[in-house]
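Letters A, B, ... are given to chains in the order of the sequence lines, protein chains preceding strands, and every chain is numbered from 1. Fair warning: this is a prediction, and the values are worked out from it, not measured in the lab.
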Amino acid sequence: MPAMPELPEVEVTRQSIADPLAGAQIRAVRVGKPLRWPLGVAPQSLAGLRIGDARRRGKYIWLPLQRAAHDAGGLLLHLGMSGSLGFHAAVAGDALAARPGPHDHFDLLCDRGLLRLTDPRRFGAVVWSEGLAQEPAASLLARLGVEPFDPRFDGAWLHQGFKGRSVAVKQALLAGDIVVGAGNIYACEALFLAGIDPRLPAGSVSRPRCERLAAAVRDVLGRAVQAGGTTLRDFRDGHGIAGSYQMQVMVYGREGEPCHRCGTGKIRRIVQGQRATYFCSHCQKR
DNA sequence: CTGGGCTCCTGTCAGC
DNA sequence: TGCTGACAGGAGCCCA
């Protein structure tokens, strides 16, 4: 079942698995069908390693591993378009591990239970790396923009990042090389909150509007994390709990419906870079 | 360097 | 009921 996670869904997932996994010892690893990239290490060689505190960078989750209290690399996970992680405590986890479903492509069986990646489309990935500074982790993270809650991220940062770029501001936000985390839903939502037409060339967005947009990005992503993510179809965190940010969505997926703010305009749907964009042409100006 | 398009893969849903 | 095509929350990669 698709999950389609953006930063809030990844963060909520991370939070839900961090405590159960911290300090757990790996007993066995099972890989299913190929994901986006190969694991890069023999699965059984991870047995005996202890899991540290799960971290997040952009839409990646980093699981640090230790052997005898010494850093021993880790696993970089990405959920792609349809991935979700589930944690199943000891007894249930053992039973589940014995009979994986057709879309369960990575199992980390540890003494505390089972961490399972379910990913029908297999755009997700689990990649072994000696450390965040080592290949392949470093190359996957190298081009990522700043975190939205990093103090460096503000209107000036956006304005500088947009400078000289002719792509539409929606696509520049989505690209993730200026600021990470805003995927298709939250990029649309942030542009709505900031009152900016998604078709505007990024480089032509004024400094004051960049200030509003930066605030909107932080606001939308922060509130989405607080709400446990967006469950439009079936996103669940590591314990199977759905999010509720869909209750606050203003434009995404609302083509033809009246704008929640102005009431008069209808929400429009256009395509930018093969991705759908939703906006209110009355509230969002050029 | 930038921009644009393609690609990986499977499931679901609308329309005929 | 069954088939077909569009579409899906990502993002790396290749080429002009």
Side-chain angles (χ1 to χ4, degrees), chain A residues 1-13 32-38 56-61 76-85 101-106 117-127 135-145 160-191 199 201-204 220-221 224-225 227-237 242-246 248-256 269-278:
Chain A
M1 285 297 167
M4 304 173 183
E6 302 182 34
L7 181 145
E9 290 72 35
V10 175
E11 174 60 17
V12 166
T13 297
K33 286 187 182 179
L35 294 167
R36 179 157 195 174
W37 298 294
R56 180 191 57 74
R57 177 74 176 97
K59 297 170 191 169
Y60 288 90
I61 290 173
L76 194 64
L77 290 79
H78 198 289
L79 302 180
M81 286 279 267
S82 61
S84 61
L85 286 172
H103 302 305
D104 298 330
H105 300 305
F106 184 81
L117 173 68
T118 303
D119 186 3
R121 293 177 74 180
R122 293 189 280 128
F123 293 167
V126 182
V127 178
E135 295 287 339
S139 63
L140 290 173
L141 303 179
R143 299 207 196 126
L144 295 186
Q160 176 64 30
F162 286 164
K163 199 168 78 178
R165 295 183 63 168
S166 62
V167 281
V169 59
K170 151 59 156 52
Q171 290 169 270
L173 255 193
L174 203 52
D177 53 348
I178 301 171
V179 58
V180 294
N184 213 27
I185 295 179
Y186 301 115
C188 292
E189 295 297 309
L191 285 162
R199 298 165 295 185
S204 72
V220 164
L221 295 178
V225 171
T230 298
T231 301
L232 285 184
R233 308 172 59 80
D234 46 20
F235 165 72
R236 294 290 188 283
D237 74 3
S244 66
Y245 189 78
Q246 65 275 11
Q248 301 179 55
V249 163
M250 300 294 280
V251 292
Y252 188 84
R254 299 192 61 245
E255 181 183 18
R269 178 188 185 276
I270 61 174
V271 175
Q272 297 179 287
Q274 294 94 239
R275 312 292 302 278
T277 298
Y278 298 87

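- For the OP1/OP2 pair of C:dA11 and a distance below 4.0 Å, the side-chain nitrogens and oxygens of A:H78 include at least one atom meeting the criterion.
- Using modelled atom types, no side-chain atom of A:R254 and backbone atom of A:G256 make a donor-acceptor pair closer than 3.5 Å.
- At least one donor-acceptor pair under 3.5 Å links the side chain of A:Q246 to the backbone N or O of A:T231.
- In summary, the side chains of A:D237 and A:T13 do not present any donor paired with an acceptor at a separation below 3.5 Å, with no hydrogens or angles considered.
- A:T230 places no side-chain N or O within donor-acceptor distance of the main-chain N or O of A:Y245, the cut-off being under 3.5 Å.
- Counting any heavy atom pair closer than 4.0 Å across all strands shown, A:Y252 reaches sugar-phosphate atoms only and no base atom.
- No contact: A:L79 has no heavy atom under 4.0 Å from any strand.
- Distances were taken from every side-chain heavy atom of A:R233 (C-beta onward) to each of C:dG10, B:dT12, B:dT10; the shortest belongs to B:dT12.
- Using a 4.0 Å heavy-atom distance criterion, A:T230 is classed as a base contact.
- Between the side chain of A:H78 and the backbone N or O of A:A125 there is no donor-acceptor pair closer than 3.5 Å.
- With B:dG3, C:dC7, B:dG11 as the candidates, the nucleotide lying closest to the side chain of A:R269 is C:dC7.
- No donor-acceptor pair under 3.5 Å is formed between the side chain of A:D104 and the backbone N or O of A:G32.
- In DNA chain C, stems built from 3 or more consecutive Watson-Crick or G-U wobble pairs, each with both distances under 3.5 Å, span B:2-8 with C:10-16, B:10-16 with C:2-8.
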Restricting to nitrogen or oxygen on both sides, can you table the protein-nucleotides 5-9 of chain B pairs closer than 3.5 Å?
| unit_1 | atom_1 | unit_2 | atom_2 | d |
| --- | --- | --- | --- | --- |
| B:dC9 | O4' | A:R121 | O | 3.3 |
| B:dC9 | O3' | A:R122 | NH2 | 2.8 |
| B:dC9 | O2 | A:R121 | NE | 2.8 |
| B:dC9 | N3 | A:R121 | NH2 | 3.4 |

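- Within the structure, a side-chain polar atom (N or O) of A:Y60 is placed less than 4.0 Å from OP1 or OP2 of C:dG12.
- When side chains are defined from C-beta on, A:P8 counts as touching A:Y186, because their heavy atoms get closer than 4.5 Å.
- Between the A:E189 side chain and the A:Y252 main chain, a donor and an acceptor come within less than 3.5 Å of each other.
- Contact annotation for A:A276: backbone-only contact, meaning every heavy-atom pair under 4.0 Å involves sugar-phosphate atoms and none involves a base.
- In the set C:dA8, B:dG4, B:dG11, C:dA8 carries the atom at the smallest distance from any side-chain atom of A:M4.
- Put simply, the side chain of A:E9 gets close to the backbone of A:E6: a donor and an acceptor are under 3.5 Å apart.
- Nearest to the side chain of A:K59, among C:dG9, C:dG12, C:dA11, sits C:dA11.
- Proximity of A:R275 to the phosphate of C:dA11: no side-chain N or O atom is located under 4.0 Å from OP1 or OP2.
- Checked against B:dG3, C:dG12, C:dC7, the side chain of A:S166 finds its nearest nucleotide in B:dG3.
- Within 4.0 Å (heavy atoms only), A:Y245 reaches no atom of the nucleic acid at all.
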